[in-house]
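Excluded from the calculations below are hydrogen atoms, water molecules and symmetry mates; all remaining heavy atoms, backbone and side chain alike, are included. All residue numbers in this chain count up from 1 along the given sequence.
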Amino acid sequence: MTGGGAWGVGEAEEGLAGEPEEAGEPGPALEAALEAILMVVDEPVAEVTLAQVLERPTHEVAAALRGLAAEYTAAGRGFDLREVAGGWRFYTRADCAPLVERFVRDGQQTRLTQAALETLAVVAYRQPVSRARVAAVRGVNSDGVMRTLVARGLVEEAGTDPESQAVLYRTSSYFLERLGLRDLSELPELAPFLPDDVENLEETTK
């Protein structure tokens, strides 16, 4: 009993002495950290930004990104890592794009979520509209939902706002086809129920 107690105390002391070393242990590998971040971005991220977030030298981040891109290509993965517009982002591999399009447009039998329906309504009645204004009307970030609507072909880009340079969105011809409408003038009278002061609402969300 006594011997066991002495061993326990010694173990506790050893554990306390080792705590600083545990606290200083490194986090995930650089490649894993980059994958985790790039998995959730919706636009290309610059190498210098990734380096700042991960607190690593930019040249190390750049080398790791190129290594990952080469690794995905060599393995024939369904996605690749591309350097586009001064940053990096995951994209569907070109030869897999038709399959993804078929899945998104025809293969999914699930109905649109409430969030998607709300977002689609805002775009339909406020178009052309930016994602920031959609978020202002809904009172919640709608980036993910917008990506879903674009992927399903219901919403498409419609240029940029001349003042903010934000990308604008509008409903597509496929949207009209799915709703059985000849044009937007046949939309039901829903616009009066949407907030009129969208600009001020947008400011409060920033």
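- Of the inter-residue distances, the one linking L34 atom CG with M39 atom CE reads 11.5 Å to the nearest 0.5 angstrom.
- Taking every heavy atom of both residues into account, L81 and A69 meet most closely at O-CB, 3.4 Å.
- Taking OG1 from T92 and CG from D80, the interatomic distance works out to 8.5 Å, rounded to the nearest 0.5 Å.
- Pairs engaging residues 139-151 under the salt bridge (charged side-chain N to carboxylate O under 4.0 Å, His left out) rule: D42-R147, R131-D143 [sequence neighbours left out].
- You'll find the side chain of T113 stays beyond 4.5 Å of the side chain of T148, heavy atoms only.
- Counting heavy-atom neighbours within 6.0 Å of E186 CD, excluding the residue itself, gives a total above 12.
- Under the 4.5 Å side-chain heavy-atom criterion for ILVMFWY residues, no single connected hydrophobic cluster contains both L168 and L120.
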Does T119 form a side chain to side chain contact (heavy atoms under 4.5 Å, CB included) with M146? I'd like the steps, not just the answer. CA-CA 7 Å; T119 302; M146 286 289 287; 3.5 Å; yes
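- Note: the hydrophobic cluster containing L149 also contains L181 (ILVMFWY, side chain heavy atoms under 4.5 Å, direct or indirect links).
- Minimum heavy-atom separation, V84 to P44: O-CB, 3.3 Å.
- Between V123 and T171, the shortest heavy-atom distance links the atoms CG1-N, 3.9 Å.
- Scanning both residues, W88 and L38, for their nearest heavy atoms gives O-CD2, 3.4 Å.
- The distance from the CD atom of E35 to the OH atom of Y72 is 3.0 Å, given to the nearest 0.5 Å.
- Cluster annotation: V140 and L117 are assigned to distinct hydrophobic clusters (Ile/Leu/Val/Met/Phe/Trp/Tyr, side-chain heavy-atom contacts under 4.5 Å, transitive).
- In this structure, E47 pairs ionically with R66, as a charged nitrogen and a carboxylate oxygen lie closer than 4.0 Å.
- With hydrogens and angles disregarded, no donor-acceptor distance shorter than 3.5 Å links the side chain of S142 to the backbone of R138.
- For the atom pair CD of Q127 and OG of S172, the computed distance is 9.5 Å after rounding to the nearest 0.5 Å.
- The same ILVMFWY cluster, assembled from side-chain heavy atoms under 4.5 Å apart, contains both Y125 and Y174.
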If you apply the rule side chain to side chain contact (heavy atoms under 4.5 Å, CB included), what do you find for F175 with L184, and how did you get there? CA-CA 10 Å; F175 165 81; L184 295 175; 4.3 Å; yes
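- The salt bridge (charged side-chain N to carboxylate O under 4.0 Å, His left out) contacts involving residues 153-164 comprise E156-R170, where partners must be two or more places apart or lie in separate chains.
- Residues R56 and L30 meet the side-chain proximity criterion, which asks for heavy atoms closer than 4.5 Å.
- Checking side-chain atoms of R93 against main-chain N and O of R77 turns up a donor-acceptor pair under 3.5 Å.
- Looking at every heavy atom in both residues, A166 comes nearest to S130 through CB-CB, 4.0 Å.
- In terms of heavy-atom proximity, A115 sits nearest to V145 at O-CG1, 3.8 Å.
- The side-chain contact (heavy atoms from CB on, under 4.5 Å) test applied to P57 returns H59, E60, not counting sequence neighbours.
- Aromatic ring centroids of Y91 and F79 lie 6.0 Å or more apart.
- Note on V122: it clusters hydrophobically with L176, by side-chain heavy-atom contacts below 4.5 Å among ILVMFWY residues.
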